[in-house]
K.L.:
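I have a structure I would like to understand better, so I am pasting it below and will then ask my questions one at a time.
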Amino acid sequence: MFRPDWSDEKNAEVFGKCSNPNWHGHNYTLYVTVRGEMNPETGCVINLKLLSELIQEHVIEKMDHKNINIEVGFMQGLIASSENMVTAIWRKLEQPIADLGATLHRIRLEESENNFVELTLD
């Protein structure tokens with residue numbers, strides 16, 4: 001993460017090792033939780049195959065092996081923090097999940113085994 005309008009010192013102070021004007025990368029793990037009424041005919045809230053395809057189309061294909069700062073349209077103008085990514089991913093998935101008859105409940109984005117961000121619908 002890097003803000004070009006800040007000095008190198010300020011970027012290092014705020015972002016630590018992740019401060020790099022030439023970007024940095026992570027191997028993220030994304031968890032998506034939905035909620036809703038279980039369909040008595042299927043025993044499911046949502047068809048998980050359709051949910052997986054939706055996540056692949058709206059998020060993974062757009063972000064995987066991409067420079068988030070440059071190549072991911074829905075992240076343009078945002079600092080590529082995990083918090084901003086979770087919020088942007090939520091916005092991308094909320095309506096398509098609703099179209100499948102469920103409600104987006106939680107998104108968890110793991111940057112490492114010890115660092116993650118969650119956004120939850122209250």
K.L.:
Output the distance between atom SG (Cys44) and atom NZ (Lys49), rounded to the nearest 0.5 Å.
P.N.:
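Spacing of SG (Cys44) from NZ (Lys49) equals 14.0 Å.
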
K.L.:
Would you mind reporting whether Val117 and Arg108 have side-chain heavy atoms less than 4.5 Å apart?
P.N.:
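Not touching, per the 4.5 Å side-chain cut-off.
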
K.L.:
I'd like to check His105 versus Val34 (side-chain heavy atoms, cut-off strictly below 4.5 Å). Are they in contact?
P.N.:
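With C-beta onward as the side chain, the pair stays apart.
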
K.L.:
For Asn84 and Thr87, run side chain to side chain donor-acceptor pair (under 3.5 Å): C-alpha distance rounded to whole Å, both residues' side-chain angles, the deciding distance at 0.1 Å, then the answer.
P.N.:
CA-CA 5 Å; Asn84 278 335; Thr87 302; 5.4 Å; no

K.L.:
Using every non-hydrogen atom in the two residues, find where Met75 and Ala88 come nearest and quote the distance to one decimal.
P.N.:
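Where Met75 meets Ala88 most closely, the heavy atoms are SD-CB, 3.6 Å.
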
K.L.:
Are there over 12 heavy-atom neighbours, none belonging to Asp5, within less than 6.0 Å of that residue's CG?
P.N.:
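Count over threshold, so yes.
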
K.L.:
Carefully, step by step, assess Phe2 and Asp8 under the rule side-chain contact (heavy atoms from CB on, under 4.5 Å).
P.N.:
CA-CA 9 Å; Phe2 191 85; Asp8 289 342; 3.5 Å; yes

K.L.:
Do Leu50 and Glu53 have side chains that get closer than 4.5 Å, going by heavy atoms?
P.N.:
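In contact.
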
K.L.:
Please report the interatomic distance CG(Leu93) to CD1(Ile107), rounded to the nearest 0.5 Å.
P.N.:
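Taking CG in Leu93 and CD1 in Ile107, the distance rounds to 5.0 Å.
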
K.L.:
Using 0.5 Å steps for rounding, measure from the CD atom of Glu118 to the OG atom of Ser82.
P.N.:
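That separation rounds to 12.0 Å.
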
K.L.:
May I ask you to check whether over 12 heavy atoms, not counting those of Arg35, lie within 6.0 Å of atom CZ?
P.N.:
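For Arg35, atom CZ is crowded (more than 12 foreign heavy atoms under 6.0 Å).
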
K.L.:
Quick one: does Tyr28's side chain get under 4.5 Å of Phe116's, heavy atoms only?
P.N.:
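Not in contact.
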
K.L.:
Verify side-chain contact (heavy atoms from CB on, under 4.5 Å) between Val86 and Ile89, making sure each step is shown before the conclusion.
P.N.:
CA-CA 5 Å; Val86 163; Ile89 291 168; 5.7 Å; no

K.L.:
Nearest heavy-atom pair of Phe74 and His58: which atoms, and what distance?
P.N.:
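Smallest heavy-atom distance, with atoms named: CE2-O, 3.9 Å.
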
K.L.:
Below 4.5 Å, heavy atoms only, C-beta onward: do Leu54 and Pro96 meet side chain to side chain?
P.N.:
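Yes, close enough: below the 4.5 Å cut-off.
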
K.L.:
Quick one: does Tyr31's side chain get under 4.5 Å of Leu109's, heavy atoms only?
P.N.:
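No, side chains not in contact.
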
K.L.:
Could you walk me through whether Asn39 and Val45 pass side-chain contact (heavy atoms from CB on, under 4.5 Å), step by step?
P.N.:
CA-CA 6 Å; Asn39 180 323; Val45 171; over 6 Å; no

K.L.:
Closest approach of Ile68 and Met85, non-hydrogen atoms and distance?
P.N.:
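For Ile68 versus Met85, the nearest heavy atoms are CD1-SD, 3.4 Å.
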
K.L.:
Between Leu121 and Trp90, is any pair of side-chain heavy atoms under 4.5 Å apart?
P.N.:
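Yes; the side chains approach each other to less than 4.5 Å.
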
K.L.:
Does any part of the side chain of Arg3, heavy atoms only, come nearer than 4.5 Å to the side chain of Phe15, both counted from C-beta?
P.N.:
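They are in side-chain contact.
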
K.L.:
Locate the shortest heavy-atom distance separating Lys92 from Lys62; write the atom from each residue and the value.
P.N.:
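Looking at all heavy atoms of both residues, the shortest contact is NZ-CE, 4.5 Å.
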
K.L.:
Indicate yes or no for a side-chain donor-acceptor contact from Gln76 to the backbone of Ile70 under 3.5 Å, with no hydrogens or angles considered.
P.N.:
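It does hold such a pair.
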
K.L.:
Side chain to side chain contact (heavy atoms under 4.5 Å, CB included) with Leu104: which of Thr120, Ile97, Thr33, Leu119?
P.N.:
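The passing option is Ile97.
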
